[in-house]
Asker: 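Have a look at this one.
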Amino acid sequence: MSKKNKKKWSQDVTEHSDAMDLKGDVFKSRSPKKIADSLKSSAEASHRRKASPFQSAMSMLNFYINRAGDKLSKSRHATLEKAKDELRKDFGREPKH
């Protein structure tokens, strides 16, 4: 499989996940809170997810971070990592950082 096909595959997952429908450009926000709130809302509204809303939202966030990999700037990566803690707070869990 070429790099081009892999890129299309991960983009397709992000845009058409069976787990939940994401709001457009959710990962482009500069606010960790807005990212977390949007993921929570999408996960709770989904009737197709197989895991809990928290697991689905966190999985999608981790998937995006992992697929973007080295292409994320340090500040962008930090924002997305902070979004994980915001997501934990949104679901009544202890933040890790």
Side-chain angles (χ1 to χ4, degrees):
M1 185 181 279
S2 71
K3 274 189 172 184
K4 190 174 183 180
N5 288 341
K6 286 182 184 177
K7 184 175 181 183
K8 286 182 180 178
W9 173 84
S10 62
Q11 182 178 2
D12 186 61
V13 170
T14 302
E15 293 173 356
H16 305 104
S17 170
D18 264 351
M20 55 195 201
D21 294 320
L22 299 175
K23 293 183 177 120
D25 297 333
V26 61
F27 296 113
K28 291 183 180 179
S29 174
R30 293 178 185 254
S31 166
K33 180 71 174 148
K34 284 183 181 179
I35 294 169
D37 289 349
S38 180
L39 287 169
K40 181 178 190 247
S41 173
S42 295
E44 290 177 334
S46 175
H47 298 289
R48 298 175 305 188
R49 64 181 158 70
K50 296 177 183 172
S52 73
F54 173 75
Q55 290 170 317
S56 293
M58 188 63 78
S59 291
M60 188 55 75
L61 181 54
N62 280 316
F63 173 81
Y64 182 81
I65 291 169
N66 292 338
R67 294 312 304 169
D70 295 337
K71 293 178 183 170
L72 287 176
S73 68
K74 287 183 181 181
S75 64
R76 195 77 206 114
H77 191 269
T79 298
L80 294 170
E81 287 295 328
K82 288 176 186 173
K84 288 183 184 181
D85 281 337
E86 291 297 330
L87 195 56
R88 288 182 183 100
K89 288 181 201 174
D90 283 353
F91 280 98
R93 296 171 182 236
E94 285 292 315
K96 288 202 173 184
H97 299 100

Asker: How about Thr79 and Arg30: do any of their side-chain heavy atoms sit closer than 4.5 Å?
Answerer: no
Asker: Where is the tightest heavy-atom contact between Ala83 and Ala36, given as atom of each residue plus distance?
Answerer: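 Heavy atoms only, the tightest pair is O-CB, 3.7 Å.
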Asker: Do Lys84 and Asn62 touch side chain to side chain, with heavy atoms closer than 4.5 Å?
Answerer: yes
Asker: State which residues pass side-chain contact (heavy atoms from CB on, under 4.5 Å) with Asp37; sequence neighbours excluded, sorted by chain then number.
Answerer: Lys33, Asp90
Asker: Working to the nearest 0.5 Å, report the span between CD of Glu44 and CZ of Arg49.
Answerer: 8.0 Å
Asker: Quick one: list whatever passes salt bridge (charged side-chain N to carboxylate O under 4.0 Å, His left out) with Lys74, sequence neighbours left out.
Answerer: none
Asker: Do any N or O atoms from the side chain of Ser46 and from the backbone of Ser42 form a donor-acceptor pair under 3.5 angstrom?
Answerer: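 Not at all, since once roles are kept as given, no pair shorter than 3.5 Å links the two residues.
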Asker: Would you please name every residue forming a side-chain contact (heavy atoms from CB on, under 4.5 Å) with Ser41, sequence neighbours left out?
Answerer: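 Partners of Ser41 by the side-chain contact (heavy atoms from CB on, under 4.5 Å) criterion, ordered by chain and then number, come out as Lys23.
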Asker: Do the non-hydrogen side-chain atoms of Arg88 and Lys96 ever get within less than 4.5 Å of each other?
Answerer: yes
Asker: Run the numbers on Arg93 and Leu87 for side-chain contact (heavy atoms from CB on, under 4.5 Å), then give the verdict.
Answerer: CA-CA 8 Å; Arg93 296 171 182 236; Leu87 195 56; over 6 Å; no
Asker: If the condition is salt bridge (charged side-chain N to carboxylate O under 4.0 Å, His left out), which residues does Lys82 pass it with, not counting sequence neighbours?
Answerer: none
Asker: What distance do Ile35 atom CD1 and Asp25 atom CG have between them, rounded to the nearest 0.5 Å?
Answerer: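 CG of Asp25 is found 11.0 Å from CD1 of Ile35.
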Asker: Between atom CG of Leu39 and atom OH of Tyr64, what is the distance when rounded to the nearest 0.5 Å?
Answerer: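 The distance works out to 11.5 Å.
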Asker: State whether a side-chain donor-acceptor pair under 3.5 Å links Ser73 with Ser75.
Answerer: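 On atom types as modelled, these side chains qualify, holding a pair under 3.5 Å.
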Asker: My understanding is that only residues two or more places apart in sequence, or in another chain, count here; which of them pass side-chain contact (heavy atoms from CB on, under 4.5 Å) with Ala51?
Answerer: Gln55, Ser56
Asker: Could you tell me whether the side chain of Lys34 reaches within less than 4.5 Å of the side chain of Glu86, counting heavy atoms only?
Answerer: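 They are not in contact (no side-chain heavy atoms under 4.5 Å apart), so the answer is no.
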Asker: Taking side-chain contact (heavy atoms from CB on, under 4.5 Å) as the test, write out the residues that go with Ser59, two or more places apart.
Answerer: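 Scan of Ser59 (side-chain contact (heavy atoms from CB on, under 4.5 Å), adjacent residues dropped) gives none.
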